[in-house]
Amino acid sequence: MSAISMVLVILVAFLAGVEGILDEFEFHQPLVACTLIGLVTGNLTAGIVLGGTLQMIALGWANVGAAIAPDAALASVASAIILVLGGQGVKGVGAAIAVAVPLAVAGLFLTMIVRTLAVPIVHIMDSAAEEGNMRKLEAWHIVAIFMQGVRIAIPAGALLFIPAKTVSDFLNSMPAWLTDGMAIGGGLVVAVGYALVINMMATKEVWPFFILGFVVAAITQLTLIAIGAIGVALALIYLNLEKKGGSSNGGGGNNTGDPLGEILNDY
């Protein structure tokens, strides 16, 4: 890996750590982080495949009360770097995912350290606010956010200095039962994540679209891009009908402005 690529990878890792708190540009999401690392290292296809797979797994990760979800940023960055250093391309995605899940849990320890260090910073910012010193308050705010970026950038930099042959030998030495088991477990987590998304979005109006999507994906050879295009077209049709309003009674009766909902109610 060239020096420029290493610098760009560390930059992506830093942004992923920062976005893990800010949630503005979503650099910490696996699909974004892995794709960017794949892009800057010349492994774009493998990065996209890894990012898409991890993204489905991360859908099931959520903070619940005091329980903190696994660190998606560290899992994405570390697994992408390991995938690149392993040199297996798309074939190494399974092994990279097997490493990513434990790293995501290990990332919670780094999160705990950074948040503990941030406690005195909060008190300093409180004092600055009482003094009316906005410049000092903003400076310490930036320091606290910077710490979140360093939390991911340092492990990423450490991984980059591991010889590629060492990583490749390690991945190749992993027994089939381990990689296959992690792949099956990852698939189960993907199903849980997708079920959570459906549970949040599912209404009587959108269930027909879910059904159509699964049927089209099962009986055709369409790519995800083609199925996505069909989904966008159906969404535009639905929004257009909703704006025009409609009724299954030919225009008479109560008009809720939701033609599909009215049809389902009448049914």
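More than 12 heavy atoms of other residues, nucleotides or ligands sit less than 6.0 Å from atom CD1 of Ile211. Surrounding CD1 of Ile4 are at most 12 heavy atoms belonging to other residues, nucleotides or ligands under 6.0 Å away.
Counting heavy atoms from C-beta outward, Leu11 and Val7 have side chains that stay 4.5 Å or more apart. Under the 4.5 Å side-chain criterion, counting only non-hydrogen atoms from C-beta, Met147 is not in contact with Val18. Side-chain atoms of Lys136 and Ile124, non-hydrogen and from C-beta on, do get closer than 4.5 Å to each other. Taking the side chain as every heavy atom from C-beta outward, Arg135 and Asn133 approach each other to under 4.5 Å. Between Ile162 and Ile82, every side-chain heavy-atom pair lies at or beyond the 4.5 Å cut-off. Within the 4.5 Å cutoff, side-chain heavy atoms of Met125 are placed close to those of Ile121. Looking at Val12 and Phe27, their side chains never come closer than 4.5 Å, going by heavy atoms from C-beta outward.
At a threshold of 4.5 Å between side-chain heavy atoms, the hydrophobic network of Ile, Leu, Val, Met, Phe, Trp and Tyr places Val114 and Ile10 in two separate groups. Note on Trp140: it does not cluster hydrophobically with Val122, by side-chain heavy-atom contacts below 4.5 Å among ILVMFWY residues. Under the 4.5 Å side-chain heavy-atom criterion for Ile, Leu, Val, Met, Phe, Trp and Tyr, Val143 and Met134 are members of distinct hydrophobic clusters. Residues Leu39 and Leu83 fall into different hydrophobic clusters, defined by Ile, Leu, Val, Met, Phe, Trp and Tyr side chains chained together at heavy-atom separations under 4.5 Å. The hydrophobic cluster containing Val84 also contains Met6, counting ILVMFWY residues as joined when their side-chain heavy atoms lie under 4.5 angstrom apart, directly or transitively.
Here OH of Tyr238 is found 7.0 Å from CZ of Phe209. Values are rounded to the nearest 0.5 Å. Rounded to the nearest 0.5 Å, atoms CD1 (Ile81) and CG (Leu160) are 4.5 Å apart. Atom-to-atom distance recorded for Asn43:CG and Thr35:OG1 is 12.0 Å, nearest 0.5 angstrom. Ile142 contributes atom CD1, which lies 9.5 Å from atom CD1 of Ile145 (distance to the nearest 0.5 angstrom). Interatomic distance, CD1 of Ile48 versus OG1 of Thr53, reported as 11.5 Å (0.5 Å rounding).
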**Asked** What's the verdict on side-chain contact (heavy atoms from CB on, under 4.5 Å) for Arg151 and Asp71, showing C-alpha distance, side-chain angles and the deciding distance?
**Response** CA-CA 11 Å; Arg151 172 178 64 89; Asp71 194 339; 2.2 Å; yes
**Item:** Intermediate values then yes/no, side-chain contact (heavy atoms from CB on, under 4.5 Å), Val77 and Leu159
**Value:** CA-CA 10 Å; Val77 171; Leu159 284 173; over 6 Å; no
**Message:** Determine whether Thr223 and Ile227 satisfy the following criterion, side-chain contact (heavy atoms from CB on, under 4.5 Å), listing intermediate values before the conclusion.
**Reply:** CA-CA 6 Å; Thr223 64; Ile227 295 176; over 6 Å; no
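Ser79 contributes a side-chain N or O that, together with a main-chain N or O of Ser76, makes up a donor-acceptor pair within less than 3.5 Å. One N or O on the side chain of His28 and one on the backbone of Glu19 form a donor-acceptor pair closer than 3.5 Å. Judged purely by atom type and a 3.5 angstrom limit, Ser5 uses its side chain to pair as donor or acceptor with the backbone of Val40.
Contact detail for Ala46 and Val93: the closest heavy-atom pair is O-CG2, 4.3 Å. In plain terms, the two heavy atoms of Ala156 and Ala13 that are nearest each other are CB-CB, 3.6 Å. Smallest separation of non-hydrogen atoms from Leu137 and Ala129: CD1-CB, 3.6 Å.
Each of Ile152, Ile154, Leu74 was scored for a side-chain contact (heavy atoms from CB on, under 4.5 Å) with Leu110, with one residue passing: Leu74.
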